[in-house]
*Asks:* 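Here's a structure for you.
We name chains A, B, ... by the order of the sequence lines, and we start the count at 1 in each one. This one's a predicted model, so the numbers in the text were calculated from it and none came from an experiment.
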Amino acid sequence: MSTEKGPNFLEEIIAEDVKNGKHGGRVLTRFPPEPNGYLHIGHSKSICVNFGLAAHFGGKTNLRFDDTNPEKEETEYVESIKTDIRWLGFTWANEFYASDYFPQLFAFAVKLIEQGLAYVDDSSPEEIASMKGTPTEPGKDSPFRARSVEENLDLFTRMKNGEFRDGEKVLRARIDMASPNMHFRDPILYRIKHTAHHRTGNHWCIYPMYDFAHGQSDAIEQITHSICTLEFEVHRPLYEWFIEKLGLYTSRQYEFARLNLNYTVMSKRKLLQLVQEKHVSGWDDPRMPTISGLRRRGYTPESVRNFAERVGVARRENIIDVGLLEFCVREDLNRRATRAMVVLDPLKLIIENLPEGHVEHLPTENNPEAEEKTTREIPFGRELWIERDDFMEVPEKKYFRLAPGKMVRLKSAYIVECTGFEKDASGHITAVLARYIPESKSGHDNSGLQVKGVIHWVHAPSAVPCEVRLYDRLFRVEDPSSEAGDFKDYINPDSLTVVKGAMAEPCLNAAKPGEHFQFMRKGYFVPDADSSAGHPVFNRTVTLKDGWGKQKEN
RNA sequence: UGACCGAUGGUGUAACUGGCAACACAUCUGAUUUUGAUUCAGAAAAGUCCAGGUUCGAGCCCUGGUCGGUCAACCA
């Protein structure tokens with residue numbers, strides 16, 4: 001049996017089309033975001049599918065903003081979308097806008113009217129809704145359905161000319177009010193909105209609906225494979241109806257199942273709510289499933305692309321475990337992140353058999369996984385910071401870190417033996433005392449000692465105080481949207497822990513945005529934009545896999 | 001009492017298009033390790049929603065169910 005995954009259903013379809021010379025063997029896809037919010041991890045799957053498929057078959061991909069609703073769309077979103085796609089590593093062949101096609105779309109509408117396939121309806125939104133029927137009951141014809149072509153042409157022109165108020169009239173297709181497909185029950189083609197558009201300004205006061213814009217835009221660009229998510233499936237017959245009636249290029253729509261991730265929400269509406277109600281700091285809050293959030297969190301484009309590859313493409317509803325995303329970023333960061341030592345919860349370790357002021361510089365590896373091994377020097381002396389939980393007054397079973405009488409290796413330095421500890425009046429441990437074994441120097445160890453535990457540490461006098469932000473999943477439940485009540489009731493109160501007094505080794509003072517670090521035994525971290533001179537701030541991308549923590553749970 | 005779509009280990013995705021279910025993640029062992037990480041070796045885990053049918057042979061085809069999703073915005 002082959003270990004290689006077979007092609008997904010879209011690759012099969014396109015391979016077949018290319019083989020048969022459909023569209024002249026050409027492949028042109030498009031990624032069609034509406035600029036009404038930031039892109040999220042779900043979009044990244046769609047981006048990878050659209051750009052990936054085209055690239056696989058030697059084709060191209062257009063970026064097309066589906067900007068037919070001026071009330072929700074903004075230039076800020078256009079810019080963020082472009083930034084995110086570029087960051088993911090994709091290049092579009094053309095940057096288009098559905099609004100570029102407004103004149104042609106208007107002409108298409110006129111053509112439908114002339115064919116008797118569209119009419120102007122004066123009914124109110126409520127009336128239209130009530131005449132629509134339900135999925136199990138047919139709708140009723142609008143009293144305006146029988147208007148003459150001349151009257152419709154006149155009215156539609158006057159709609160365009162701004163003679164009517166918002167909502168006063170709409171242009172509808174004349175199809176079948178009894179169709180079992182709700183989208184065929186005389187769908188609205190154009191509505192009046194006296195609203196400035198982010199690109200066309202006040203030039204138009206009528207705007208096409210999605211169904212009347214998307215397929216035709218595909219046709220205008222001669223898109224060969226128009227790939228979208230499952231919820232548009234019921235729109236496909238209408239998509240094809242317009243193409244047929246207007247005699248346009250026959251683009252074909254294909255649908256795949258969108259990506260769902262557990263412990264988060266993925267709808268733009270909900271994400272917008274989190275931003276507006278300040279449950280997060282913004283669209284790029286590192287807890288957000290947005291591409292900008294993942295970027296700020298320290299995810300790499302490679303890891304996101306790899307994730308999209310691993311989740312696959314199919315037509316079945318799915319909920320992916322965030323654990324897979326985390327695996328992908330760890331896999332990537334393991335081989336590229338510089339190792340560094342940072343103590344998040346500092347406890348003083350005093351090495352009694354070392355004189356005050358003693359400092360020596362020890363080499364330590366930057367990345368044991370790297371092709372070319374490099375080292376840097378770290379200072380070592382009498383007073384160090386170690387992690388508070390790397391010491392236990394009364395060690396639990398199988399604990400192999402520091403405890404009275406126990407030995408551990410200080411990473412890249414010496415083996416130390418705990419000789420005691422100090423407590424304050426309230427019983428709080430204030431320092432751990434130890435003696436070091438001079439013969440156990442890292443790389444020159446002839447002490448003959450075998451210790452199981454290795455802990456990280458930072459030389460106290462030269463430590464760099466810094467802020468570290470620890471992120472956890474944004475929601476406490478796997479699927480916040482399906483729980484009773486408001487999804488926001490399920491926000492994880494511990495999704496962000498800010499550690500103010502972390503102690504880092506000196507080299508991290510010079511950490512630059514975009515660099516990735518592994519704080520040894522703690523996880524992967526990136527400098528945050530909030531860093532300032534002398535006050536580094538780090539975001540935790542993801543923890544290290546914790547076999548010990550897991551074992552303790554059981 | 002509608003239309004359309006879907007159903008394969010815990011989670012995803014495969015199965016040369018009808019030939020006796022594979023890969024990844026997760027899980028559990030063990031080895032290695034100056035990160036309880038990484039790496040390595042191994043284990044457990046579905047008989048493919050159900051019932052019929054066609055066939056020498058069905059996860060793949062047919063019929064009928066069951067369950068789940070989508071559609072009734074002047075959103076996309």
*Asks:* Describe the nucleic acid contact of A:K522 in one word from base, sugar-phosphate, nothing, applying a heavy-atom distance below 4.0 Å.
*Replies:* nothing
*Asks:* With a 4.0 Å limit, can you tell me whether A:R330 has a side-chain N or O closer than that to the phosphate oxygens OP1/OP2 of B:A37?
*Replies:*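 For A:R330, the contact criterion (side-chain N or O under 4.0 Å from OP1 or OP2 of B:A37) is not met.
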*Asks:* Who is the Watson-Crick or G-U wobble partner of B:A43, with both distances under 3.5 Å?
*Replies:* B:U27
*Asks:* What is the distance, to the nearest angstrom, from the CG atom on A:L402 to the P atom on B:U35?
*Replies:* 17 Å
*Asks:* Between A:T136 and B:A3, is there a contact of a side-chain N or O with OP1 or OP2 at under 4.0 Å?
*Replies:*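 For A:T136, the contact criterion (side-chain N or O under 4.0 Å from OP1 or OP2 of B:A3) is not met.
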*Asks:* Counting the atoms with a prime plus P, OP1 and OP2 as sugar-phosphate, which does A:R339 contact under 4.0 Å by heavy atoms, base, sugar-phosphate, or nothing?
*Replies:*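 If one applies the 4.0 Å heavy-atom cut-off, A:R339 turns out to touch a base.
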*Asks:* B:C71 and B:C56: how far apart are their P atoms, nearest whole angstrom?
*Replies:*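 45 Å, rounded to whole Å.
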*Asks:* Could you give the CD-to-P distance, from A:Q450 to B:G36, as a whole number of Å?
*Replies:* 15 Å
*Asks:* Check the distance between B:U13's P and A:R315's CZ and give it to me in whole angstrom.
*Replies:*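 Spelled out: CZ on A:R315 to P on B:U13 is 13 Å.
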*Asks:* Determine the interatomic distance between P on B:C28 and the same-named atom on B:U33; round to the nearest Å.
*Replies:*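 My reading of the P atoms in B:C28 and B:U33 gives 23 Å.
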*Asks:* Write down the distance separating the P atoms in B:C61 and B:C16, rounded off to the nearest Å.
*Replies:* 12 Å
*Asks:* Roughly how many Å apart are B:U17 and B:C75, using the C1' atom of each and rounding to a whole number?
*Replies:* 40 Å
*Asks:* A:Y38 and A:E76: side-chain donor and acceptor closer than 3.5 Å?
*Replies:* yes
*Asks:* Please state whether the phosphate of B:C75, meaning OP1 or OP2, lies under 4.0 angstrom from any side-chain nitrogen or oxygen of A:R191.
*Replies:*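 Result: yes.
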*Asks:* Would you say B:A76 has OP1 or OP2 under 4.0 Å from some side-chain N or O of A:K72?
*Replies:*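 No, no such contact exists.
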*Asks:* Between B:G6 and B:G42, how far apart are the two P atoms, rounded to whole Å?
*Replies:* 39 Å
*Asks:* Quickly work out the A:L10 CG to B:U13 P distance and round it to whole Å.
*Replies:* 13 Å
*Asks:* Nearest-Å distance, CG (A:L544) to C1' (B:U33)?
*Replies:*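 Atom-to-atom, A:L544 to B:U33, this comes out as 14 Å.
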*Asks:* I'd like the P distance from B:C60 over to B:G19, given in whole Å.
*Replies:* 11 Å
*Asks:* Any base atoms under 4.0 Å from A:K411, or only sugar-phosphate, or nothing? Heavy atoms, all strands.
*Replies:* base
*Asks:* Please step through side chain to side chain contact (heavy atoms under 4.5 Å, CB included) for the pair A:V311 and A:L324, ending with a clear verdict.
*Replies:* CA-CA 9 Å; A:V311 299; A:L324 183 61; 3.9 Å; yes
*Asks:* Looking at residues 230-239 of chain A, who's got a heavy atom less than 4.0 Å off RNA chain B?
*Replies:* A:E231, A:F232, A:E233, A:V234, A:H235
*Asks:* Examine A:R252 relative to A:Y254 and say whether NZ or CZ is less than 6.0 Å from the centre of the six-membered ring and inside a 45° cone about the ring axis.
*Replies:* yes
*Asks:* Contact class for A:S130 vs. all strands (heavy atom < 4.0 Å): base, sugar-phosphate, or nothing?
*Replies:*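 If one applies the 4.0 Å heavy-atom cut-off, A:S130 turns out to touch nothing in the nucleic acid.
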*Asks:* Below 4.0 angstrom from OP1 or OP2 of B:U39, is there any side-chain N or O of A:K545?
*Replies:* no
*Asks:* One pair to check against side chain to side chain contact (heavy atoms under 4.5 Å, CB included): A:I455 and A:R521. What are the steps and the verdict?
*Replies:* CA-CA 8 Å; A:I455 64 172; A:R521 304 206 303 138; 3.5 Å; yes
*Asks:* Of all heavy-atom pairs between A:R409 and A:S442, which one has the smallest distance, and what is that distance?
*Replies:* NH1-N, 3.6 Å
*Asks:* Just do the side chain to side chain donor-acceptor pair (under 3.5 Å) check on A:H456 and A:R339 with the steps written out, would you?
*Replies:* CA-CA 11 Å; A:H456 61 284; A:R339 271 53 174 177; over 6 Å; no
*Asks:* Is A:K193 positioned over the aromatic face of A:Y207, cation under 6.0 angstrom from the ring centre and no more than 45 degrees off axis?
*Replies:*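 Relative to the ring axis of A:Y207, which defines the angle, A:K193 lies outside at least one limit.
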*Asks:* Expressed as a whole number of Å, how far does the P atom of B:C67 sit from that of B:C50?
*Replies:* 15 Å
*Asks:* Choosing from B:U35, B:A76, B:A72, which nucleotide comes nearest the side chain of A:D66?
*Replies:* B:A76
*Asks:* What nucleic acid atoms does A:G453 come within less than 4.0 Å of, heavy atoms only: base, sugar-phosphate, or nothing?
*Replies:* nothing
*Asks:* Syn or anti for B:G47, please, going by whether the chi angle lies within 90° of 0.
*Replies:* syn
*Asks:* Taking the P atom of each, how far is B:C20 from B:G59, in whole Å?
*Replies:*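 B:C20 and B:G59 have their P atoms separated by 10 Å.
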*Asks:* Checking side-chain polar atoms at under 3.5 Å, does A:S123 have a donor or acceptor matched by the opposite partner on A:D121?
*Replies:* yes
*Asks:* Would a line drawn from the ring center of A:Y190 to the ring center of A:F156 be shorter than 6.0 Å?
*Replies:* yes
